[in-house]
2 protein chains.
Amino acid sequence: MSTMSFSVFFRRITLFLFSIFFTHSISATHIRLSSDHDRTPEVLSIVQSLPKSGGEITFEKGIYHFYPDRAFEKFCFISNHSDEFTRTAFPLLDFKNLTIDGKGSTFIFHGVMIPFLLENSENIEIKNVSIDWEIPFHSQGKIVAHHTEENAFDMEISKEYPYEIRNGELIFVKDYLEHNMHEGILFDPERKAIAYNTRRYTPLALEGKVKSQFGVKDIPYEYETDPRTALHWFRGKEHRMHVEEIKPGLVRVFNSKKALPPIGMMYACKGDFTNNRIAPAFRLNQCKDITIKDINIYHAGGMGFIADNSENLTIDGLVIEAHQGRMVSTTADATHFVGCKGKITIKNSAFSHMLDDGVNIHGAYQRIVEILDEHTIGVRMGHLQQMGYEIAQKGEKIGLVNLEESFFPYQELTVKKLEPVNKRYHKITFEEALPKSVAIGQLIENTDKTPEVEIYNCRFTNNRARGVIVSSPRKVRVHNNYFSTDMSAMFFVVANKYWYESGSATDFEIYDNTFEDCVYGGSNHGVIRFHTNDPSPLYAFLNVKIYNNEFIHFDNRILEITNAENLLFEGNSIQTSNTFPKLFPKQPVITIQRSKNLTFKRNTYLGTAKEMIRADEVSTYSSDFKSPVSQ
Amino acid sequence: MSTMSFSVFFRRITLFLFSIFFTHSISATHIRLSSDHDRTPEVLSIVQSLPKSGGEITFEKGIYHFYPDRAFEKFCFISNHSDEFTRTAFPLLDFKNLTIDGKGSTFIFHGVMIPFLLENSENIEIKNVSIDWEIPFHSQGKIVAHHTEENAFDMEISKEYPYEIRNGELIFVKDYLEHNMHEGILFDPERKAIAYNTRRYTPLALEGKVKSQFGVKDIPYEYETDPRTALHWFRGKEHRMHVEEIKPGLVRVFNSKKALPPIGMMYACKGDFTNNRIAPAFRLNQCKDITIKDINIYHAGGMGFIADNSENLTIDGLVIEAHQGRMVSTTADATHFVGCKGKITIKNSAFSHMLDDGVNIHGAYQRIVEILDEHTIGVRMGHLQQMGYEIAQKGEKIGLVNLEESFFPYQELTVKKLEPVNKRYHKITFEEALPKSVAIGQLIENTDKTPEVEIYNCRFTNNRARGVIVSSPRKVRVHNNYFSTDMSAMFFVVANKYWYESGSATDFEIYDNTFEDCVYGGSNHGVIRFHTNDPSPLYAFLNVKIYNNEFIHFDNRILEITNAENLLFEGNSIQTSNTFPKLFPKQPVITIQRSKNLTFKRNTYLGTAKEMIRADEVSTYSSDFKSPVSQ
């Protein structure tokens with residue numbers, strides 16, 4: 001290929017920061033900075049004029065503002081988000097071989113938008129861009145006083161978080177949305193991290209039971225209902241806490257059930273679940289060979305990066321952190337992957353200040369609700385944020401799971417047709433006849449769409465929730481990372497009950513990481529935690545190796561093991577820090593339940609716990625730990 | 001065509017009422033009647049297996065229940081409804097030559113469904129079906145006591161309308177939705193009609209201003225905002241009325257601003273606008289040659305029949321009425337047509353107990369917000385329930401309207417391309433260059449999509465709002481109908497401000513109708529009313545002829561004329577009834593504003609008004625009325 005044809009192929013379009021843009025004749029009430037006009041129509045027009053075979057878009061370094069009002073719109077079902085009409089200036093739909101290079105630019109978004117929307121695209125690279133929102137999706141207020149006689153605390157709220165009080169309920173009002181005080185947590189502004197033991201104070205018990213209800217319990221239903229939909233969630237509840245304004249920017253919050261939040265802490269909240277995950281920074285569906293590189297995400301109204309049903313994804317140099325006095329970066333996970341395959345690589349990145357996990361990689365469970373004929377089942381989406389999720393394409397393998405017998409599929413079938421009847425209920429027809437053992441209530445998962453995963457040179461700090469959750473039966477390596485998270489640093493889970501995230505582990509290694517002061521938010525959990533929603537005598541997590549890691553922990557419990565088989569914990573060093581007082585001083589260093597053939601060897605314990613290993617009667621393990629008491 | 005091939009062509013599928021249907025193994029909490037299992041999957045499967053070239057479905061006479069849980073789902077933008085994922089057992093998409101004959105069956109729906117969803121279909125007939133909902137979308141309670149010292153009234157609520165009280169707000173709870181007390185009105189159960197002078201008592205002023213607000217007014221906006229979206233509508237408001245339960249099924253409602261509703265009246269409400277128009281009985285889009293015949297609609301959570309962008313529609317023998325103690329039939333208009341063409345025929349029908357108009361036929365205005373190049377404009381949907389409305393297809397004519405100069409388009413252009421960028425903002429490119437006179441703020445309307453209309457042998461009674469609204473420049477005939485509506489029986493309107501419904505009249509005749517006791521709800525309007533949103537000296541309604549009608553009216557005003565030219569009112573008889581006390585006894589029989597060349601001749605006045613015609617200075621008319629005082 002000659003240089004000429006190369007340059008034609010990679011058509012380069014440079015956007016100039018101060019180009020004249022003639023839609024500005026619209027009247028607006030926005031007080032404009034020198035360069036904060038809407039660039040959406042211009043950028044959208046360029047994206048839409050690119051050939052689908054590819055190209056490159058580069059930006060002159062600068063600040064670009066994007067508004068939803070004249071943005072491209074598309075309805076999207078997005079895993080673990082509200083399903084919605086999303087708006088974007090970058091609808092990267094059905095593209096191949098595309099590079100977007102921000103050249104260090106900052107893109108500032110306004111309202112409910114998705115900065116980068118990728119669907120059915122292949123070989124895409126997005127790099128050198130900082131993503132931020134002018135008005136954030138969360139709100140925050142500083143605890144400044146206690147009134148113990150009234151069981152109330154005062155909260156100081158800055159002008160960046162406008163509010164109004166409606167019948168005692170504090171509502172934060174934004175340009176394109178509003179939210180209440182729900183899903184809040186304390187941050188410690190000095191540490192710029194989740195507050196130590198925040199669960200003593202949060203979440204606030206904002207709602208209580210209604211006092212009058214008539215006939216509601218007699219309403220008939222033909223089918224099961226979902227208590228987590230907005231319709232059922234709010235039923236029977238009313239506000240039990242209330243808020244009064246003391247003076248502009250200072251409110252008093254009454255009637256907390258928990259301890260009054262410590263003075264100096266910052267209460268940060270994103271409102272109830274109905275619209276607090278609506279604007280992820282990157283959203284991928286049915287994509288392949290996607291790389292994002294050298295990206296900053298200062299804020300997003302949802303996850304930083306959410307990929308559904310995609311293949312070979314690389315995140316390199318993604319920094320997620322809050323800035324400019326904000327406590328919160330992304331209002332949900334930093335990165336999240338559902339039903340992905342190929343290899344997921346996350347490296348050289350740092351994830352801070354999120355309101356949820358750092359990395360979460362899993363498949364989806366769906367529940368069999370009907371056996372329609374010899375080849376066809378009807379399935380129900382378990383979690384309301386999985387609505388519309390198409391679990392498989394023609395030719396892919398579906399595993400039938402009976403959790404009473406095994407965490408792993410007992411049979412695989414080949415998908416002939418998936419019929420999405422409605423967003424909650426799909427029909428799936430298989431090439432093969434259904435086995436006799438299939439029954440209503442069993443689960444299905446896609447056994448083809450499981451990824452190999454490598455996560456290294458990353459930092460997971462100062463966020464709510466976990467560092468890394470990976471559920472995949474393929475090769476998973478997590479190494480050379482640093483963790484300091486308010487819940488468990490790593491979480492192995494079979495989430496068949498609430499989230500319907502399919503999980504297991506069979507080739508998982510964790511090595512050369514540092515875990516420093518995790519689980520400080522008040523959960524009684526291990527730094528590394530294994531968990532199944534249903535207590536089960538079966539083994540879900542096989543052959544996990546945890547070696548050569550350093551644990552520096554203010555509290556005792558490092559490992560919380562359940563349902564594991566052949567786990568190796570070797571060559572790790574453990575010491576106790578004085579960062580915080582211990583929250584659960586009676587816990588041992590390691591707890592073991594319903595597990596077998598665990599090996600603990602050549603570890604160094606320099607901590608202050610009084611008990612090393614506490615195992616239930618059914619578990620088996622070997623250990624060369626010396627008693628901590630003797631040290 | 002032989003009998004054999006005929007019967008093959010019209011494939012007949014009979015559904016047997018008691019056929020065994022094997023999905024019933026799903027656990028459910030519904031207490032089942034003998035035949036109230038869900039027939040949706042079975043019917044859906046039959047509809048989907050029909051050839052698109054047509055066929056016939058007949059039902060054995062009986063009661064069929066339909067639930068949304070396993071129904072077909074499709075996102076629909078529906079004019080004057082909430083845009084939504086709709087569910088249906090009858091997705092009549094892309095069909096030709098289809099007949100559905102209920103043979104007198106009753107279809108009972110549950111929750112948010114559209115009984116008949118027709119898109120891109122042609123030559124469809126649906127007949128002999130009664131449509132009802134198990135649990136209605138409205139709620140009602142009887143006024144049983146006054147407590148004047150507390151400014152409160154008591155309301156008795158039956159078990160059919162379960163409720164709970166959340167922080168003083170009464171919430172009616174249903175199987176698939178809930179609603180508050182908004183959009184309520186009084187019915188008189190004895191007359192089974194809207195209560196006389198209900199506007200003295202309703203709508204209730206449920207909301208007042210919030211007492212505390214901080215920074216909200218300083219929120220910046222780049223583009224105009226819509227005060228009628230949920231985001232802005234509720235901003236700055238809180239509940240000012242409150243409700244307490246006295247005993248189960250009896251609540252006390254405090255703090256009304258208006259007079260206490262009379263004891264014995266029934267308060268019926270459908271909740272605020274965010275979700276009170278979600279389940280119309282018939283929804284058509286881009287259809288042609290559609291007939292519905294001998295249909296009863298006992299209830300619907302929206303309109304009875306809403307057609308967008310369709311052609312040649314016949315409604316014959318449609319009876320809409322509430323039954324079984326319910327006050328409300330459809331929670332919105334009986335029938336509504338937007339951007340339709342060809343001929344609309346409505347005959348032999350009766351429309352009662354709706355919460356909105358009987359017939360409303362109009363086009364849509366959209367506002368020019370950008371001039372993008374010599375051929376292209378950007379337009380904004382004016383009303384939030386017009387989101388996503390595609391005003392024209394390639395080749396259709398768009399009229400440019402400057403209401404400061406004329407109610408009629410000053411130029412027509414041919415659509416080359418419509419680009420629906422997002423649901424609020426579309427781009428339209430024309431074959432011709434834009435004229436120099438085009439300007440931001442002007443309106444557009446589709447001049448091809450205007451229908452000929454004939455409405456006869458119909459009854460419009462006992463509903464909230466109007467009887468017939470038709471805005472079309474083509475031939476319109478309304479004759480041999482009976483009207484008794486709580487607002488104007490007929491309404492001529494240019495609704496450019498709020499509803500963005502385009503309107504005019506140029507060949508409109510009203511004859512041989514009876515208008516008996518209309519406008520009894522408390523509006524100070526004429527039985528036949530002309531109105532433009534903006535006071536204008538221009539003429540919108542040309543050549544309207546009103547003749548040989550009988551007006552029997554408890555009040556004085558028959559005609560409220562504005563912006564009319566060449567109106568003829570001839571051979572009508574008018575008398576006064578004693579049904580109600582007059583509400584506006586100082587009004588004359590006819591008021592005239594901003595009109596010219598009106599003729600009143602050979603009418604008979606046997607009423608009791610003291611003044612016949614009150615005209616403004618600019619209007620011109622001739623009349624042979626004798627003074628009513630002399631009679």
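Computed over heavy atoms, backbone and side chain alike; hydrogens, waters and symmetry mates excluded. Model, not experiment: these values are computed from the prediction.
With a threshold of 4.5 angstrom between heavy atoms, P420(B) does not approach chain A through any atom at all. Using a 4.5 Å cut-off between heavy atoms, K237(B) touches chain A through its backbone atoms (N, CA, C, O) alone. For E160(B), no part sits under 4.5 Å from any heavy atom of chain A, backbone or side chain. If you measure heavy-atom distances from T225(B) to chain A, you find no contacts under 4.5 Å at all. Heavy-atom distances place no part of R240(B) under 4.5 Å from chain A, backbone and side chain included. Contact of E244(B) with chain A is not made at all, since no heavy-atom distance falls under 4.5 Å.
A salt bridge does not link E73(A) with R424(B): none of the charged nitrogens is closer than 4.0 Å to a carboxylate oxygen.
When the heavy atoms of residues 167-175 of chain B are compared with those of chain A, the residues falling under 4.5 Å are N167(B), V173(B), K174(B), D175(B), listed by number.
You'll find the ring centres of Y176(A) and Y223(B) outside the 6.0 Å limit. Aromatic pair F77(A)/F85(B): centroids less than 6.0 angstrom apart.
Scanning for salt bridge (charged side-chain N to carboxylate O under 4.0 Å, His left out) contacts around D154(B) gives R252(B), with sequence neighbours left out. With sequence neighbours excluded, no residue forms a salt bridge (charged side-chain N to carboxylate O under 4.0 Å, His left out) with E390(B). Considering only residues two or more places apart in sequence or on other chains, K159(B) meets the side-chain contact (heavy atoms from CB on, under 4.5 Å) condition with F214(A), D218(A).
The backbone N or O of R87(B) lies less than 3.5 Å from no partner atom in the side chain of N422(A), so there is not a single donor-acceptor pair.
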